[in-house]
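What you are looking at is a predicted structure, and each value in this text was computed from that prediction instead of being measured. Ligands are counted one by one from 1 in listed order, and the atoms in each one are counted from 1 as well.
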Amino acid sequence: MYFDNAEGPVFRPPSEADSLILRVTIGCSHNACTYCNMYRSVSFRMRPQEEIDAQLQQAQRYAAHIHRVFLGDGNALVLPMERLLAILAQIHALLPKVRRVSCYAGPKDMLRKTPEELISLRQAGLKLVYYGMESGDDAVLAHVNKGVTAAESIEAGQRIVAAGIKLSMMVILGLGGQEASARHARNTALAVSAIRPHMLSALTLMMYRGSELLEEFESGRFPILSPAGIMEELHLLLQDIELPPEHHCLFRSNHISNYINFAGTLPKDKERLLSESLAAKDKLALLKNWDPYNNVER
Ligand code: SF4
């Protein structure tokens, strides 16, 4: 729920369906990933405190029972420390039942915060960060204009985990297309293994109207993977993720973009997930005609 009529679309992770969406920024300050059109229609801005207070006062009036708050929009950690700490303090003052504050975060913003600052944010109530790392491969990251290298991506994720903030990471199957599939899978697995997130979601590439990646696909410059190719990539990814036996990473591949759903805990369920993804690949390989526009926004 949100109490706001500011410009632009509102996005949130599926698991924040019952949260108050507190829009502390509008849009995304990066707004340049070639596969994403989420915030192309709006200019990025940090919202003044009065606009945030107005949303919180409405929430205090109509949703004082709320336990969770999600800070929107695309990368709330871009706000300076003093603004974030003031917002977190105001949330807890006006909504005392709140137990978890979360947000999307971009890698550059995570890296701009020192380890000590991230700890202060956790102590002030930021409990969960959603991070779309998408790939651990330098060439794939450069191709989609993510704005960071794999090493920077890994460091960003590690900083969140080291600060004691829960990290929910997203990666995109198929983001390297046919040419980079195996390398994308292997390097993403290496990055996941180095970061050790608490949650990992493997989405399948969707292409959106107005995005540069869709233009590349439609002009033949970006051949995409078949459904069986996506399953092969998932298999490779899972195969190469190495986490300590005591680690508990909730793994999901059940987004609307995915052909077949998978769920488990890594590393405990790795062998099961490997055999399920292999079986899924064999099943999808039997598809004689698959529609390459299946995952394209109509
Ligand atoms: S994928 Fe995330 S960081 Fe990239 S442009 Fe979209 S909202 Fe911004």
*Asks:* Flag the pair Y104 / F70 as yes when their ring centroid distance falls below 6.0 Å, and as no otherwise.
*Replies:*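 Yes - the distance between ring centres of Y104 and F70 falls below the 6.0 Å cut-off.
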
*Asks:* Which residue supplies the protein heavy atom nearest to atom 1 (S) of ligand 1, what is that atom called, and how far is it?
*Replies:*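 Protein heavy atom at minimum distance: Y35 OH, 3.5 Å.
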
*Asks:* Please tell me whether E117 and S120 have a donor and an acceptor in their side chains that are separated by less than 3.5 angstrom.
*Replies:*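 Short answer, no.
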
*Asks:* Do K270 and E242 meet the salt-bridge criterion of a basic N to acidic O distance under 4.0 Å?
*Replies:*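 Counted as a salt bridge, because a side-chain N and a carboxylate O are separated by less than 4.0 Å.
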
*Asks:* Does the ring centre of Y39 sit less than 6.0 Å away from the ring centre of F11?
*Replies:*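 Yes.
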
*Asks:* Pair up each side-chain donor or acceptor in residues 75-82 with any protein partner under 3.5 Å, not counting sequence neighbours, and list the distances.
*Replies:*
from, atom 1, to, atom 2, distance (Å)
N75, OD1, S29, N, 3.4
N75, ND2, S29, OG, 2.7
N75, ND2, D109, OD2, 2.8

*Asks:* Do Y293 and E218 meet the criterion of a side-chain donor-acceptor pair at a distance under 3.5 Å?
*Replies:*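 There is such a pair (donor and acceptor under 3.5 Å, judged by atom type) between the side chains of Y293 and E218.
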
*Asks:* Just to confirm my output: which protein heavy-atom neighbour is closest to atom 2 (Fe) of ligand 1, and how far is it?
*Replies:*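 Its nearest protein heavy-atom neighbour is K146 NZ, 4.3 Å.
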
*Asks:* Is the gap between the ring centers of Y35 and F222 under 6.0 Å?
*Replies:*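 No, the ring of Y35 stays outside the 6.0 Å limit from the ring of F222, centre to centre.
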
*Asks:* Which of the protein's N, O or S atoms come within less than 2.8 Å of atom 8 (Fe) of ligand 1, not counting waters?
*Replies:*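 Listed by chain and number: C28 SG.
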
